[in-house]
Amino acid sequence: MDRYNVQQAISDWYQINKRDLPWRGISDPYKIWLSEIILQQTRVNQGLSYYLKFVAVYPNVDSLASAKEDDILKLWQGLGYYSRARNLLAAANQIVKQKEFPASYKELLKLKGVGEYTAAAIASFAYEEPVAVVDGNVYRVLARIFGISTAIDSSTGKKEFLEIANSILNKQDPSTWNQAIMEFGALQCIPKSPNCSTCPIHTECFAFNNDRIDALPYKKGKTKQQVRHIYYYFTRFNEQTIIKKRPAKGVWGGLFEFPALEVNHEIPIDKAIAHIKSELEISEDDFKVVLVQEPMKHILSHRIIYCSFIELELTQFNYKNGHNWIVIPLNQLHNYPVSRLMEKYISNI
DNA sequence: TTCCCGTACT
DNA sequence: AGTACGGGAA
């Protein structure tokens with residue numbers, strides 16, 4: 001396989017097929033960084049509107065650094081992997097503390113939330129540093145063209161693919177090349193049923209010639225899903241409700257939600273209500289159960305969540321803060337960042 | 001239902 | 001080295 005031919009073919013393909021995206025053709029490292037954090041584990045179509053919102057609200061790193069975590073999380077709401085949002089704020093503060101934006105792969109790596117891929121992306125796009133990006137697209141393209149069957153989720157695989165990516169990197173124009181190979185993976189050499197018939201290099205592609213398209217890239221690990229049951233209690237009293245902020249670590253870190261009973265095994269709904277009653281320290285006369293929602297099934301990559309919402313009307317409520325509860329007016333609920341699961345329920349209130 | 005995608009933490 | 005972390009599209 002001639003690497004130069006492959007490089008030339010993908011570069012030519014890119015000039016014709018590249019999408020016009022707002023973070024392309026710019027050199028502002030702040031906007032490039034922002035776009036890359038948003039695009040981690042996220043497809044362009046899903047991330048685009050978030051990028052536009054963020055650039056509009058936070059046009060530069062100083063404005064971002066002075067933002068409040070909850071405001072950033074609110075803007076991030078629905079995008080998933082919420083530690084990215086908290087790391088974004090932390091990194092903005094790292095950057096502001098320094099005199100100028102980190103301007104090399106090595107310096108960029110020191111930023112929170114910036115790993116090997118993102119550091120290479122920013123360094124090449126903003127500064128033309130000749131470092132190869134290796135993202136999911138690059139793994140797929142290289143594995144198929146060159147017939148690399150080393151697992152991409154092993155350390156030897158990561159090393160091997162990085163070496164190949166660097167060997168095929170166009171050092172004269174690393175920025176365009178890195179974007180070209182990723183775009184090629186995102187639009188042409190796609191995971192399922194890639195468009196081989198219109199591919200400019202299918203005659204040279206190992207996977208195409210050896211019927212290995214579906215087998216490459218090879219991945220060994222599958223994350224197992226853990227079942228979890230959540231019983232949220234949505235309390236109402238005097239047009240107010242109770243919410244709390246999730247801890248930074250774990251699922252939906254930093255997001256807000258109704259107080260909940262979160263357990264590994266299903267429990268009868270009256271047991272859940274009894275638990276809620278004791279946690280609220282209320283007696284039988286102080287509340288009535290208005291509604292018990294049919295359990296909703298919510299799936300994350302690593303978790304299967306069965307979630308019940310229990311709506312309670314309180315006639316009396318003594319606020320004690322052993323639970324870090326936040327009492328808010330009902331009409332303020334929409335100002336707090338919440339998970340998709342919470343959002344689905346709230347939108348029907 | 002299955003698959004996809006980078007970083008941090010342990 | 002292995003695993004936690006979300007949401008949407010195929």
Side-chain angles (χ1 to χ4, degrees), chain A residues 33-50 73 76-91 94 105 108-123 131-141 143-144 150-159 161-162 165 178 181-183 185-187 189-195 213-228 230 246-255 257 296-305 307 337-344:
Chain A
W33 164 63
L34 177 62
S35 72
E36 288 302 335
I37 300 297
I38 289 173
L39 293 173
Q40 286 170 4
Q41 302 297 96
T42 304
R43 287 176 172 78
V44 165
N45 281 340
Q46 197 196 349
L48 181 57
S49 67
Y50 286 85
L73 282 170
W76 199 273
Q77 176 175 313
L79 201 50
Y81 290 104
Y82 297 93
S83 63
R84 287 183 294 169
R86 295 193 308 274
N87 288 338
L88 193 70
L89 178 58
Q94 282 180 273
Y105 174 83
L108 287 159
L109 257 188
K110 295 177 184 168
L111 296 176
K112 276 228 161 154
V114 174
E116 287 185 33
Y117 160 75
T118 307
I122 304 169
V131 280
V133 292
V134 185
D135 74 339
N137 295 305
V138 175
Y139 279 125
R140 190 167 53 253
V141 171
R144 285 177 176 162
T150 318
I152 61 171
D153 55 349
S154 67
S155 47
T156 47
K158 284 183 170 65
K159 208 178 290 177
F161 279 93
L162 180 62
N178 277 341
I181 188 170
M182 289 195 287
E183 191 79 334
L187 300 181
C189 193
I190 56 179
K192 290 281 163 65
S193 313
N195 311 314
I213 296 162
D214 293 334
L216 295 172
Y218 170 67
K219 207 181 207 174
K220 62 183 162 78
K222 289 192 209 348
T223 45
K224 47 188 180 281
Q225 291 178 309
Q226 198 182 46
V227 175
R228 193 63 69 89
I230 303 179
R246 289 185 69 96
K249 279 186 184 203
V251 174
W252 299 318
L255 299 189
E257 62 185 11
M296 300 163 70
K297 189 177 181 184
H298 190 81
I299 301 195
L300 306 180
S301 57
H302 57 300
R303 207 159 286 195
I304 299 173
I305 296 169
C307 175
V338 298
S339 67
R340 271 288 193 243
L341 177 56
M342 277 286 293
E343 177 62 31
K344 268 186 219 163

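Small disclaimer: the values here were computed from a predicted structure and weren't measured. Residue numbering restarts at 1 for every chain, and letters A, B, ... go by the order of the sequence lines.
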Which atom pair, heavy atoms only, marks the closest approach of A:T150 to A:F161?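 Nearest pair, atom of A:T150 first, then A:F161: O-CE1, 3.7 Å.
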
Please check this pair: side chain of A:R140 against backbone of A:C189, looking for a donor-acceptor N/O pair closer than 3.5 Å.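 Yes.
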
Any donor-acceptor N/O pair, A:Q77 side chain to A:V338 backbone, under 3.5 Å: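 Yes.
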
Closest listed nucleotide, where the reference is the side chain of A:Q40 and the choices are C:dG7, B:dT7, C:dC5: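 The listed nucleotide nearest to A:Q40's side chain is B:dT7.
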
Which nucleotide in the list B:dT7, B:dT10, C:dC5 gets nearest to the side chain of A:E116?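 The closest nucleotide is B:dT7.
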
Have a look at [X] and say if it touches a base, only the backbone sugar-phosphate, or nothing, with a 4.0 Å heavy-atom cut-off.
| X | result |
| --- | --- |
| A:N45 | nothing |
| A:Y117 | sugar-phosphate |
| A:S154 | nothing |
| A:K158 | nothing |
| A:K224 | sugar-phosphate |

Between [atom2] on [N] and [atom1] on [X], what's the gap in Å once rounded to a whole number?
| X | N | atom1 | atom2 | result |
| --- | --- | --- | --- | --- |
| A:R84 | C:dC5 | CZ | C1' | 10 Å |
| A:Y139 | B:dC5 | OH | P | 10 Å |
| A:N87 | C:dA4 | CG | C1' | 14 Å |
| A:R86 | B:dA8 | CZ | C1' | 11 Å |
| A:L300 | B:dC5 | CG | P | 19 Å |
| A:R303 | C:dT3 | CZ | C1' | 12 Å |
| A:K249 | B:dT7 | NZ | C1' | 14 Å |
| A:E343 | C:dG8 | CD | P | 11 Å |

Check whether any side-chain heavy atom of A:I37 sits under 4.5 Å from a side-chain heavy atom of A:V114, and report yes or no.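 Result yes, sub-4.5 Å side-chain heavy-atom pair found.
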
So A:Y117 and A:L39, do their side chains get closer than 4.5 Å, heavy atoms only?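 Contact flag for A:L39/A:Y117 side chains = no.
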
Let me know, please, whether A:W252 or A:D153 comes out on the 5' side of the other along DNA chain C by nearest nucleotide.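 Looking at the nearest nucleotide for each, A:D153 comes out on the 5' side.
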
[N], OP1 or OP2 - any side-chain N/O from [X] closer than 4.0 Å?
| X | N | answer |
| --- | --- | --- |
| A:H302 | C:dC5 | yes |
| A:W76 | C:dG6 | no |
| A:H298 | C:dG6 | no |
| A:Y81 | B:dA8 | no |

Which atoms of nucleotides 2-4 of chain B (N or O only) lie under 3.5 Å from a protein N or O atom, and what are those distances?
| from | atom 1 | to | atom 2 | distance (Å) |
| --- | --- | --- | --- | --- |
| B:dC4 | O2 | A:R43 | NH1 | 3.3 |

Restricting to side-chain contact (heavy atoms from CB on, under 4.5 Å), what partner residues turn up for A:K158, sequence neighbours left out?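 So A:K158 forms a side-chain contact (heavy atoms from CB on, under 4.5 Å) with A:Y139.
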
Quick one, A:S339 with A:E257, criterion side chain to side chain contact (heavy atoms under 4.5 Å, CB included). Give me CA distance, side-chain angles, the key distance, then yes/no. CA-CA 8 Å; A:S339 67; A:E257 62 185 11; 5.9 Å; no

List in chain and number order the residues that pass side chain to side chain donor-acceptor pair (under 3.5 Å) with A:Q225, two or more places apart in sequence or in another chain; answer none if no residue qualifies.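 A:Q225: no side chain to side chain donor-acceptor pair (under 3.5 Å) contacts found.
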
